[in-house]
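All remarks here apply to the structure that follows.
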Amino acid sequence: MRILVTGGSGFIGSNFVRLLLTSGEPADLVVNLDKLTYAGNPANLLDLKDSPNYLFVQGDIGDEKLVGSILRQNRIEAVVNFAAESHVDRSIDGPEAFVQTNVVGTFRLLQAARQYWMELEGSEKGSFRFLHVSTDEVFGSLHENEAPFSESTPYEPNSPYSASKAASDHFVRAYHHTYGLPVLTTNCSNNYGPHQFPEKLIPLMILNALAEKPLPVYGDGLNIRDWLYVEDHCRAIRLVLENGRLGEVYNIGGLNEVKNVEIVRTLCAKLDKLRPRSAKRNYEELITYVKDRPGHDRRYAIDCRKIEKELGWKPIETFDTGLEKTIHWYLSNQAWCEDIRTNRYRGERLGI
């Protein structure tokens with residue numbers, strides 16, 4: 001396939017581009033459209049920049065003219081939309097950017113894709129796909145003993161971030177039901193793995209620990225998330241893109257529900273073995289409880305039986321194996337981390 005990946009220089013997007021270009025059956029062409037905001041890092045794909053079937057374009061998904069020209073000039077067969085503002089704390093501090101990118105940007109991307117799709121004929125029109133990558137946060141918060149989110153769970157977003165993603169999901173659905181645009185939507189749980197920008201929990205804790213800085217945990221630390229290794233997520237997206245039923249939603253989860261503070265303690269224990277502190281001190285001593293985030297959802301959990309039943313997908317990594325791989329990646333890629341730490345990608349916002 002000839003695929004346009006939006007937000008392909010970010011965390012999940014860059015891992016997906018890497019999968020497309022290095023798998024046993026690589027894509028014919030991957031065009032990466034990324035605005036390169038603070039979390040879009042060209043270094044994530046630096047080793048692939050000279051690949052003959054890879055093209056990078058710096059630009060905004062909200063630029064319909066640019067998107068349209070990319071689609072037509074490269075005879076794109078599928079669009080996979082990762083481009084989004086995605087950090088809840090940032091959405092609380094400045095929600096307007098989330099509305100502009102996640103809602104308006106997705107709308108304009110849909111407009112450009114629909115216009116291009118209408119110009120296609122025959123098998124090219126029939127095989128075109130628009131896959132929208134979303135989040136489990138659109139479903140709201142679960143109590144401890146509630147059943148996990150399914151594809152039919154009502155939307156109850158609780159943060160400006162999740163509200164903006166919910167709106168984008170609804171636009172994607174509407175463009176299928178109103179105009180017939182061949183869309184697919186995925187809703188994933190919390191991702192972790194290589195190249196994740198360290199405002200997120202796991203990389204932030206790893207880098208803060210290595211720098212001997214406090215490990216801030218919100219509230220009582222008992223908020224629960226389902227953790228999905230990014231490469232497992234990318235495999236699932238490719239399966240949905242190739243074999244998913246049009247207009248359908250597929251939940252993608254890691255089947256790993258863990259309390260936030262337990263994640264931090266596990267990271268500390270692993271780092272104690274891999275990169276011990278001086279004077280036989282433990283990293284867990286750095287854990288600091290801080291004021292809780294406003295409107296902090298208590299628990300997320302994903303029921304991903306649909307994608308398993310229809311497409312045969314299951315996560316390969318357990319939380320333990322995925323976490324080991326993640327820690328080793330950050331320990332082995334200190335130059336990438338140093339770029340963040342020295343403010344090249346606005347690391348001052350993170351206190352690392």
Side-chain angles (χ1 to χ4, degrees), residues 1-23 25-37 39-42 44-45 48-86 101-102 104-121 123-134 168-169 171-172 175-176 179-186 233-244 246:
M1 298 182 75
R2 303 173 66 83
I3 302 173
L4 170 61
V5 177
T6 66
S9 294
F11 166 46
I12 306 176
S14 64
N15 277 279
F16 184 67
V17 169
R18 185 172 299 280
L19 172 69
L20 293 176
L21 293 175
T22 61
S23 65
E25 297 182 358
D28 297 317
L29 176 68
V30 178
V31 180
N32 170 15
L33 174 63
D34 199 296
K35 192 176 179 180
L36 294 184
T37 58
N41 188 341
N44 290 349
L45 294 167
L48 298 175
K49 68 181 181 66
D50 295 324
S51 171
N53 51 346
Y54 175 64
L55 173 64
F56 172 74
V57 179
Q58 184 171 355
D60 191 335
I61 60 170
D63 186 339
E64 289 183 46
K65 184 177 180 181
L66 173 63
V67 173
S69 67
I70 292 171
L71 294 170
R72 294 178 182 89
Q73 289 173 15
N74 296 285
R75 305 190 339 269
I76 294 297
E77 299 171 89
V79 177
V80 182
N81 181 32
F82 292 96
E85 294 283 347
S86 66
T101 298
N102 299 354
V104 178
T106 300
F107 160 71
R108 290 178 175 162
L109 183 65
L110 283 163
Q111 286 280 82
R114 174 180 167 244
Q115 182 60 49
Y116 170 70
W117 171 71
M118 290 174 62
E119 297 168 6
L120 297 175
E121 297 179 349
S123 62
E124 288 187 339
K125 186 168 187 176
S127 62
F128 182 79
R129 298 290 183 268
F130 183 106
L131 191 152
H132 176 64
V133 180
S134 190
S168 68
D169 292 6
F171 269 106
V172 172
Y175 267 62
H176 177 68
Y179 304 113
L181 187 68
V183 307
L184 300 149
T185 299
T186 59
H233 184 198
C234 291
R235 286 191 306 104
I237 292 170
R238 188 168 190 176
L239 275 174
V240 173
L241 180 65
E242 293 174 349
N243 300 310
L246 293 183

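Along the sequence shown, the residues carry numbers beginning at 1. We use all heavy atoms of the structure for the numbers below, so side chains are in, but hydrogens, waters and symmetry mates are not.
Residues L48 and V30 are not in side-chain contact: their nearest non-hydrogen atoms beyond the backbone lie 4.5 Å or more apart. Proximity of L184 to R129: side-chain heavy atoms (C-beta onward) are separated by under 4.5 Å at one or more points. Counting heavy atoms from C-beta on, the side chains of I12 and V133 never come closer than 4.5 Å. A 4.5 Å side-chain heavy-atom check between V79 and V67 finds every atom pair outside the cut-off.
Side chain of R2 to main chain of N74: a donor-acceptor pair is present (N/O by atom type, distance under 3.5 Å, no hydrogens or angles). Looking only at distances, no side-chain donor or acceptor of N44 sits under 3.5 Å from a matching main-chain atom of F11. Here the side chain of Y116 pairs a donor or acceptor atom with the backbone of I76 at under 3.5 angstrom. The main-chain N or O of L181 is found under 3.5 Å from a side-chain atom of H176 such that the two form a donor-acceptor pair. Side-chain atoms of D34 come within 3.5 Å of backbone atoms of S9 as a donor-acceptor pair (strictly under, hydrogens ignored).
Counting heavy atoms of neighbouring residues, nucleotides and ligands inside a 6.0 Å radius, atom CD of E124 does not exceed 12 of them. Counting heavy atoms of neighbouring residues, nucleotides and ligands inside a 6.0 Å radius, atom CZ of R72 exceeds 12 of them. By the neighbour-count criterion of 12 heavy atoms within 6.0 Å, atom NZ of K49 is sparsely surrounded, having that number or fewer from other residues, nucleotides or ligands. The neighbour count for F171 CZ, taken as heavy atoms of other residues, nucleotides or ligands under 6.0 Å away, does not exceed 12.
Annotation: the span from E85 atom CD to T101 atom OG1 amounts to 4.5 Å, rounded to 0.5 Å. Taking CG from L131 and CD1 from I3, the interatomic distance works out to 10.0 Å, rounded to the nearest 0.5 Å. How far CZ of F16 is from CZ of R238: 7.0 Å, rounded to the nearest 0.5 Å. From R18, atom CZ reaches atom OH of Y54 across 9.5 Å, with rounding to the nearest 0.5 Å. Here CZ of F82 is found 9.0 Å from OG of S14. Values are rounded to the nearest 0.5 Å. With rounding to the nearest 0.5 Å, the separation of CD in E64 from CG in L71 is 11.0 Å.
The heavy-atom pair separating A27 from N53 by the smallest distance is O-ND2, 2.9 Å. Nearest approach of A112 to G68, heavy atoms of both residues: CB-N, 4.3 Å. Across every non-hydrogen atom of I61 and A83, the tightest pair is CG2-CB, 3.8 Å. The minimum heavy-atom distance linking K125 with W117 is given by the pair O-NE1, 3.3 Å. Nearest heavy-atom pair, L241 versus A78, reported as atom, atom and distance to 0.1 Å: CD1-CB, 3.9 Å. Contact between L21 and S51 at its shortest, heavy atoms only, is CD2-OG, 4.4 Å.
In this model, a donor atom of one side chain and an acceptor atom of the other lie less than 3.5 Å apart for N81 and T6. Neither side chain, T106 nor H132, offers a donor N or O lying under 3.5 Å from an acceptor on the other.
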